[in-house]
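Some notes on the structure that comes next.
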Amino acid sequence: MTLTATKPEGKVLIKGNYAIANAAVIAGCECYFGYPITPQSEIGEFMSGKMQELKRAYVSSESELASINMVIGACSTGAKAMTSSSSCAVSLMQEALSYATAEELPVVLVSVMRGGPGLGNIYPSQGDYNQATIGGGNGDYKLIVLAPGNVQECIDLTYKAFYLAHKYKNPTMVLADGLLGQMMEPVTFGDYPYPEVDDSAWALTGAKGRGRRVIRSYAPSADDQCVFLNKLYAKYALIEEKEVMYDEYMTEDADLIVASFGSMSRNVKSAVKIAREKGLKVGAFRPITISPFPNKRLKELSCSAKKFLVTEINMGQMVRDVRLAVNGKVPVEFYGKGVGSMIDVEDLVDKIESLIEV
Amino acid sequence: MTLTATKPEGKVLIKGNYAIANAAVIAGCECYFGYPITPQSEIGEFMSGKMQELKRAYVSSESELASINMVIGACSTGAKAMTSSSSCAVSLMQEALSYATAEELPVVLVSVMRGGPGLGNIYPSQGDYNQATIGGGNGDYKLIVLAPGNVQECIDLTYKAFYLAHKYKNPTMVLADGLLGQMMEPVTFGDYPYPEVDDSAWALTGAKGRGRRVIRSYAPSADDQCVFLNKLYAKYALIEEKEVMYDEYMTEDADLIVASFGSMSRNVKSAVKIAREKGLKVGAFRPITISPFPNKRLKELSCSAKKFLVTEINMGQMVRDVRLAVNGKVPVEFYGKGVGSMIDVEDLVDKIESLIEV
Amino acid sequence: MSHIEIDEQRCKACYLCIDECPKKLIKVGEKVNKLGAKPVEFCDPKGECLGCAMCATRCPDMAITKVFRG
Amino acid sequence: MSHIEIDEQRCKACYLCIDECPKKLIKVGEKVNKLGAKPVEFCDPKGECLGCAMCATRCPDMAITKVFRG
Amino acid sequence: MEKSFIIAGFGGQGVLLAGEVLASAFMHDDKNVTWYPSYGAEMRGGTVNCQIVMSESEVSSVNKKEIDFVIALNDLSFDKFLPRLKKGGMMIANSSLVKEIKKRTDINYIFAPVTKMAAELGNVKMANILSLGVLAKASGLISVDKLTKALDTVLPPHRKNLLPKNIEALNLGFNFQPALV
Amino acid sequence: MEKSFIIAGFGGQGVLLAGEVLASAFMHDDKNVTWYPSYGAEMRGGTVNCQIVMSESEVSSVNKKEIDFVIALNDLSFDKFLPRLKKGGMMIANSSLVKEIKKRTDINYIFAPVTKMAAELGNVKMANILSLGVLAKASGLISVDKLTKALDTVLPPHRKNLLPKNIEALNLGFNFQPALV
Amino acid sequence: MATQVFKVPDSIIKDMTYGFCPGCDHGVAIRLVAECLDELGLKENAITATSIGCSVCLYDYLDVDSVEAPHGRALAEATGIKRARPDKFVFTYQGDGDFASIGLGESTHAALRGENITAICINNTTYGMTGGQLGPTTLLGQVTTTSPTGRNVEYYGYPIRIAEHIALCEGTAYSARVSLDSVANIRKAKQAIKKAFEYQLKGLGFSFVEILSTCPTNWHMTPQKAHDRVRDDMMKVFVPGVYKDVLQKV
Amino acid sequence: MATQVFKVPDSIIKDMTYGFCPGCDHGVAIRLVAECLDELGLKENAITATSIGCSVCLYDYLDVDSVEAPHGRALAEATGIKRARPDKFVFTYQGDGDFASIGLGESTHAALRGENITAICINNTTYGMTGGQLGPTTLLGQVTTTSPTGRNVEYYGYPIRIAEHIALCEGTAYSARVSLDSVANIRKAKQAIKKAFEYQLKGLGFSFVEILSTCPTNWHMTPQKAHDRVRDDMMKVFVPGVYKDVLQKV
Ligand SMILES: Cc1ncc(C[n+]2csc(CCOP(=O)(O)OP(=O)(O)O)c2C)c(N)n1
Ligand SMILES: Cc1ncc(C[n+]2csc(CCOP(=O)(O)OP(=O)(O)O)c2C)c(N)n1
Ligand code: SF4
Ligand code: SF4
Ligand code: SF4
Ligand code: SF4
């Protein structure tokens with residue numbers, strides 16, 4: 001596997017990890033900080049060469065705690081900066097993510113899930129949906145989380161992550177999994193499709209010709225903190241209003257809607273196709289932003305559909321969000337497994353049939 | 001404030017933090033590892049003197065990462081061991097908690113919440129409900145989480161935490177807040193009320209006269225991992241069946257049930273009393289185990305009540321669990337504020353009145 | 001003439017400057033400031049101040065805000 | 001008589017032992033083991049082995065499981 | 001019946017200890033009681049206060065908006081907590097440090113020069129305990145006996161020698177005759 | 001139409017690269033395609049494999065239970081993936097290392113001594129590419145032209161000198177005449 | 001005419017009052033930093049990553065751009081800042097707990113990498129902000145809230161000599177320990193800080209100054225006694241001096 | 001009669017095969033640890049906290065009780081074990097990444113506290129398990145997957161000399177660096193490990209051995225060449241020797 005040229009012409013066959021890394025370079029990422037962990041180490045490996053070649057910043061950090069805090073430092077100057085990691089190592093970033101949210105910094109983090117809990121193993125998994133969308137940082141905060149379903153989306157959503165992070169000054173995560181990170185698919189890169197966000201109003205650049213700027217999370221009084229939190233949550237409401245993305249397939253007349261995210265959704269779509277061929281009224285729903293979650297759309301769909309099936313490679317995480325959105329209107333079933341490759345299309349079809357028969 | 005005698009006679013007036021610490025000593029805690037953070041530093045301060053006096057283990061660790069991993073080490077030998085911390089510092093423990101869950105170790109962790117996100121401030125808050133019940137560790141796992149509502153419960157639930165942690169070999173958290181940690185109330189300690197759990201079947205003691213024992217979270221194959229996760233989740237189901245605790249007040253005929261946890265529930269109960277005096281059919285519900293959550297009971301209550309109000313000192317966290325339990329049967333409203341002292345009884349009464357009128 | 005200026009509101013009454021002054025020209029005052037402390041006063045009737053800035057260098061709170069020499 | 005025992009299934013064919021043996025009594029074998037490697041063989045027709053255990057000390061995989069001297 | 005108290009002053013005036021003594025006295029009197037300190041900025045300095053709530057049933061709320069009794073040992077505390085007194089509530093102010101101004105007319109005042117009195121007794125630091133004596137008399141909610149017992153519980157072993165003097169202070173406070181208003 | 005392929009062998013036999021060449025050839029042929037490697041234990045050794053799925057519409061699933069074509073470059077891979085072939089699927093086995101035993105009768109076999117052939121061509125390491133030639137012929141799903149183009153894309157600049165030899169290997173594989181079964 | 005020989009540095013925010021306790025040398029150290037920023041003309045080009053401890057409100061005192069790092073991570077954040085904006089002057093001002101306890105990994109690795117930044121570390125032998133617990137520099141025998149009978153080796157082990165540890169890192173250009181116990185030493189401290197800043201300006205690598213400082217509140221001492229302790233006890237264990245200077249063989 | 005002068009140590013699990021690559025010295029190091037456990041009769045009283053890296057499966061090789069610590073935290077867990085059960089023999093076996101990169105804080109503080117445990121650290125100048133990235137000990141100029149043009153000071157800074165850092169901690173009883181490049185040095189390495197274990201048995205404090213080791217796979221070298229590199233390149237920068245020995249002035 002050779003490293004791709006920065007902006008390759010036309011279609012190229014590329015691994016998800018390299019696709020993400022190269023997209024970050026094209027998006028203008030100025031700083032990469034990272035510590036290796038399977039199954040995403042290729043991102044840092046690609047960056048180590050490419051960033052130096054382009055005279056941008058790259059640090060092999062001593063730990064993930066250091067990586068994420070280096071990103072915070074770089075972002076505080078308005079730079080486009082990122083790190084990437086996986087599962088147990090993303091656990092170590094929770095404090096910093098909570099800080100970055102409170103400090104309203106455009107941190108970009110790529111998380112490529114592997115099996116958990118603990119060290120777990122390096123097989124694909126979707127076990128970090130909770131970690132990504134709720135997190136273990138302290139206090140009330142939210143990340144923006146984008147979940148690509150194929151390698152092309154790894155690119156598109158990496159672009160988008162930089163844009164949204166800077167537009168909303170909020171840490172933004174691209175949540176992939178080992179399968180997406182390791183697989184290859186033909187993709188096109190194109191140009192970074194978003195406008196540059198002006199950060200001159202807040203970035204730290206030295207207090208020349210202006211008063212000093214302070215980026216902090218410490219609120220000396222409880223009242224200040226409440227005011228801040230209300231502002232923060234107003235921002236989240238705005239993001240939910242403006243930025244929710246999802247993908248639907250044959251949901252219009254579906255009795256059963258199968259919801260999934262990330263690479264699981266490819267199999268789901270295929271299963272739905274097969275089920276449709278069998279005359280079953282099934283549709284597929286995939287949140288692309290898993291935070292904010294497409295609550296509104298799912299609520300709408302719960303008026304037409306008779307049942308939902310949520311399928312994930314975990315013990316049932318996104319299913320909570322679907323249940324909250326559907327709010328008891330129709331039953332929401334779960335079909336998953338702890339870790340490993342995606343559930344087979346055939347098994348999904350069986351499951352769909354069993355649910356429609358009932 | 002003097003340090004209490006280990007097992008004081010009769011009623012004593014004591015701070016929540018000291019109550020927790022002394023209860024841990026009485027429960028037979030053999031090892032305390034900790035790093036200071038307001039508003040719970042008194043726990044470590046008390047322990048530093050008392051544990052040395054009793055010739056038990058105490059370490060002023062270099063960080064919370066170190067503390068929690070020291071606890072894991074001690075627990076792997078079957079010892080009763082604990083740490084205590086707060087909010088942003090608990091964020092740093094997420095990786096280790098995920099490991100400890102996968103390794104099925106009886107870790108006891110006391111978390112005394114302060115304002116967040118980030119450094120936030122040291123005022124009371126309930127902003128770490130998500131952190132405690134869902135967490136940012138990777139993969140699928142759950143902690144047992146006990147939420148005391150007054151200083152007496154700080155003692156009772158600390159006892160219980162040691163018991164449940166060892167009984168189920170699962171990390172167990174006592175989730176208090178700055179108000180509980182800092183306030184004094186008259187309490188009694190009594191004796192540790194639970195039987196000692198026999199850990200001789202799994203604890204690391206040196207492989208004398210038996211094969212070696214390995215405590216690990218690494219699962220070499222995806223299938224192994226799935227088997228393990230199913231076993232783990234069967235355990236969680238058992239814990240939910242056996243150990244759920246909650247407190248109810250006048251819920252039988254209540255049209256409106258106000259749910260809250262921890263120190264917020266004192267004010268809720270008072271507000272309910274006042275509302276009842278005004279002839280309003282209101283009740284109060286308080287989960288004591290917030291993980292596992294009293295889903296079954298709330299579901300039952302949603303058959304009789306017409307509405308729920310969830311009130312928390314955060315932007316709305318437990319409300320999700322209540323909504324999931326009630327599952328759309330009746331409306332679930334939220335009334336909270338980001339951080340600071342508990343919501344006043346008068347304001348709660350007003351809110352209750354407004355909801356019943358509607 | 002050498003002299004110093006003291007910001008009474010900043011003084012925390014640590015009294016480190018008192019020992020430091022080679023001429024012992026700094027004394028505890030009578031007033032209480034907004035910090036609840038009794039700030040020091042500069043008391044140099046004979047014009048002995050050297051302008052050595054020992055006091056200001058020692059003062060942790062920059063309560064001795066200016067020192068003039070000569 | 002001095003000799004060594006080799007566990008063929010453990011040998012990873014790093015061939016470090018070959019250089020180590022002062023008498024050059026270890027050779028690459030012909031068979032392929034379950035690791036897909038060609039393990040070494042002990043080949044001491046003249047009984048030259050010193051029992052020095054240099055090979056076994058060097059072997060990273062404990063494939064030389066026993067060394068006898070004398 | 002439920003009553004709330006705030007004791008406030010400068011750091012070093014012993015307001016937290018006084019609060020603990022009061023709370024402990026209520027405990028000895030078989031009341032339910034909570035004690036809750038201000039713990040604000042992690043940095044030192046400024047005023048300190050604690051709130052005690054005594055109740056015959058469960059304490060309804062630890063940190064109340066409206067207070068029945070305030071003991072203000074310095075002027076900052078006086079200004080800060082005056083607005084939080086209930087109508088008809090009572091302000092006990094340390095007139096050694098607080099100006100005798102009555103901005104609110106819907107509450108009762110006792111101005112007692114507790115710092116001066118404590119100084120006369122031999123130790124200015126006993127103003128806190130002395131003011132508890134004033135409160136005991138003014139409120140009728142707690143006896144000097146219970147406060148004495150509480151002092152005995154709360155003082156650490158190596159401070160027990162201070163007990164007699166503090167009991168004197170309590171009594172001095174109890175016997176203080178406020179100027180008629 | 002959707003077809004799935006597994007290429008498997010020892011680490012060092014270049015199965016991942018062969019897979020990439022195949023996937024790249026499908027890309028140049030305007031097909032949808034995915035390539036997915038085995039990445040198991042973090043430790044080295046053992047067998048390696050990758051799965052390629054080619055489709056005229058979207059690829060339905062990256063990692064399929066049932067496979068259309070398997071290239072097994074060693075015996076471990078042969079044993080491991082034989083059961084995963086679809087009925088009527090095809091096993092292309094490296095008969096230099098794999099015994100010509102036909103346990104399943106519901107599939108087709110091609111036994112080609114690709115290691116030996118590659119050795120004869122000058123480099124045993126080209127067995128992987130050679131077997132792609134065999135596959136091209138046997139499947140009729142991809143042309144040697146597209147595979148050649150793919151080789152050109154996939155080989156890194158400093159390895160471009162290997163291109164001519166590899167093209168030879170492709171053709172040799174394509175022209176291989178399996179013993180009639 | 002009298003000439004002004006002392007003033008409040010320009011880099012200090014106008015009319016602020018420190019939140020520190022009476023007699024706390026944090027105030028002196030920050031003033032010295034400000035004086036050096038003034039003298040080298042760095043105020044408008046400086047960015048600092050603040051640490052968690054009594055110094056957390058540095059941004060209320062120093063008139064420079066700043067971002068608040070989580071406890072112990074100031075040097076990771078400073079690394080991020082400097083790598084993103086190598087033309088900026090980047091420094092941290094940290095407590096010993098922040099620098100050498102929870103942050104020891106980040107601190108040492110910044111030095112090993114030779115990050116071209118300056119770190120100032122206040123060694124007051126305790127965690128000041130949280131109420132005087134035993135920290136990584138607490139002296140043997142010292143009573144703290146978590147060593148009520150004094151630091152014993154059995155339970156707590158030994159204090160760390162920070163300047164020596166940092167000097168051992170090859171990326172370190174300058175590592176010195178100074179004390180604020182006396183006016184003479186305060187003046188020396190300023191020279192060390194200035195040198196550290198200059199080394200960054202010269203691009204020599206990581207520069208570091210450990211400052212022995214008081215915490216009268218948590219030591220339960222008067223400011224006077226606290227300064228005596230710095231001199232009599234601390235300076236014996238933490239000997240002031242230059243432990244590394246790439247421009248001068250030490 | 002021939003006497004057996006070499007056998008597979010009893011502390012090695014029967015019939016296991018290492019998962020390491022051909023020529024990887026992890027295998028030698030673990031055997032040496034096992035031999036020392038045998039000779040000191042520790043197998044049945046030992047508990048180890050394993051680290052994350054190529055050594056993660058230590059529990060599949062060594063027949064002693066073990067708990068798997070998160071990456072970098074082995075010495076925190078070992079501290080917990082020893083404090084809970086001071087009568088047990090407690091040691092860690094870690095990679096240099098685990099010990100000195102992500103875990104540097106935990107490692108140094110265990111040494112500062114003088115925890116009565118032993119740490120063995122394999123220095124192979126890379127993160128082996130994750131595919132050979134640049135680590136804290138990667139030599140200047142060394143090509144890795146994250147230093148494709150070699151380690152340069154500008155981007156990566158300098159490697160850490162671990163044994164020297166640990167020697168600086170007052171709680172350290174013994175700190176040595178050994179090499180597995182030759183049979184003679186393998187024998188010396190064993191003596192060092194044994195001494196480290198004995199110091200723990202004597203209750204002297206923290207004992208530490210850094211072992212220079214190969215990673216042929218990620219160095220892209222034959223086992224032979226890899227051992228040459230240890231001798232020719234690594235031992236020049238990481239000089240073997242005893243850096244601290246409380247029972248002997250070094
Ligand atoms: C992760 C985390 N752990 C603990 C704390 C609590 N905390 C705040 S400051 C501090 C120690 C400060 O000590 P030091 O760094 O020595 O600075 P000083 O206050 O003495 O100046 C601690 C432990 C925190 N804020 N965050
Ligand atoms: C928190 C965390 N970060 C990263 C990893 C990925 N990881 C596993 S092993 C390893 C490095 C191993 O290197 P080293 O400690 O030097 O041991 P070696 O494999 O070279 O023997 C890394 C980075 C992890 N498992 N956990
Ligand atoms: S040194 Fe400063 S703060 Fe202290 S008494 Fe003198 S003027 Fe006041
Ligand atoms: S050293 Fe060991 S593994 Fe290597 S070739 Fe010799 S016997 Fe085999
Ligand atoms: S607590 Fe100590 S370090 Fe903090 S401001 Fe007070 S004296 Fe200074
Ligand atoms: S990757 Fe390196 S360290 Fe790991 S087993 Fe292979 S040779 Fe050994």
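Scope of the values below: all heavy atoms of this structure, side chains included, with no hydrogens, waters or symmetry mates. Chain identifiers are assigned alphabetically (A, B, ...) following the order of the sequence lines, protein sequences preceding nucleic acid strands; residue numbering begins at 1 within each chain.
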| request: Among the options G:His71, G:His109, G:Lys82, pick out the one with the most heavy-atom pairs lying under 4.5 Å from chain A. | output: G:His109

| message | Given heavy-atom pairs under 4.5 angstrom as the criterion, report whether the side chain, backbone, both or neither of A:Ser76 touches chain G. | response | side chain

| message | Heavy-atom pairs under 4.5 Å with chain G: which of A:Val71, A:Leu105, A:Leu65 has the most? | response | A:Leu65

| request: Give a yes or no answer on whether the side chain of G:Lys88 reaches the backbone of A:Thr205 with a donor-acceptor pair at less than 3.5 Å. | output: yes

| task | Just give me the residue among G:Gly72, G:Ala76, G:Gly105 that pairs up with chain A most often, heavy atom to heavy atom, under 4.5 Å. | result | G:Ala76

| request: Take A:Arg213 and G:Asp65 through the test side chain to side chain contact (heavy atoms under 4.5 Å, CB included) and record every step on the way to the result. | output: CA-CA 5 Å; A:Arg213 288 179 178 160; G:Asp65 277 7; 3.7 Å; yes

| field | Interchain contact, G:Ala46 with chain A, by part (heavy-atom threshold 4.5 Å) | value | backbone

| query | Are G:Glu106 and A:Asn69 close enough, and set up right, to give a side chain to side chain contact (heavy atoms under 4.5 Å, CB included), and what steps lead you there? | reply | CA-CA 10 Å; G:Glu106 285 77 4; A:Asn69 281 295; 5.7 Å; no

| task | Please look at G:Ala69 and chain A and tell me whether the side chain, the backbone, both or neither of the residue comes under 4.5 angstrom of a heavy atom of that chain. | result | backbone

| query | Hey, which of A:Ala207, A:Ala66, A:Ser63 has the most heavy atom pairs under 4.5 Å with chain G? | reply | A:Ala207

| message | More than 12 heavy atoms of other residues, nucleotides or ligands under 6.0 Å from NZ of G:Lys14: yes or no? | response | yes

| query | Say you draw a straight line from CE of A:Met70 to CD of G:Glu115; how long is it, rounded to the nearest 0.5 Å? | reply | 6.5 Å

| note | Among G:Gly103, G:Ser66, G:Ala110, G:Ala78, the residue with the most heavy-atom pairs under 4.5 Å to chain A is G:Ser66

| G:Arg73 side, atom CZ; A:Tyr99 side, atom OH - distance, nearest 0.5 Å | 9.5 Å

| note | Closest heavy-atom pair, A:Thr77 versus G:Ala84, reported as atoms and distance to 0.1 Å, is OG1-CB, 3.7 Å

| field | Spatial distance of atom CD (A:Glu62) from atom CG (G:Leu75) [nearest 0.5 Å] | value | 9.5 Å

| note | Honestly, the part of G:Val64 sitting under 4.5 Å from a heavy atom of chain A is backbone

| Side chain / backbone / both / neither for G:Leu112 at chain A, heavy atoms under 4.5 Å | neither

| query | So what's closer than 4.5 Å to chain A heavy atoms on G:Lys43: side chain, backbone, both or neither? | reply | backbone

| query | Given that the side chain runs from C-beta out, which part of A:Arg56 has a heavy atom under 4.5 Å from chain G: side chain, backbone, both or neither? | reply | neither

| Under 4.5 Å from any heavy atom of chain G - which part of A:Val214 | both

| query | Rounded to the nearest 0.5 Å, how far does CZ of G:Arg85 lie from SG of A:Cys31? | reply | 7.0 Å

| note | Bottom line for A:Ala79: the part with an atom under 4.5 Å from chain G's heavy atoms is both

| query | Nearest 0.5 Å, what's the CZ-CD1 distance between A:Arg212 and G:Ile47? | reply | 14.5 Å

| said: Check this for me: G:Lys190, atom NZ, are more than 12 non-hydrogen atoms of other residues, nucleotides or ligands nearer than 6.0 Å? | reply: yes

| task | Could you tell me which of A:Cys75, A:Ala74, A:Ser61 has the largest number of non-hydrogen atom pairs under 4.5 Å with chain G? | result | A:Ala74

| request: For the pair G:Glu68 (side chain) and A:Tyr218 (backbone), establish whether a donor and an acceptor sit closer than 3.5 Å, ignoring hydrogens and angles. | output: yes

| query | Is it the backbone or the side chain of G:Asp87 that comes under 4.5 Å from a heavy atom of chain A, or both, or neither? | reply | neither

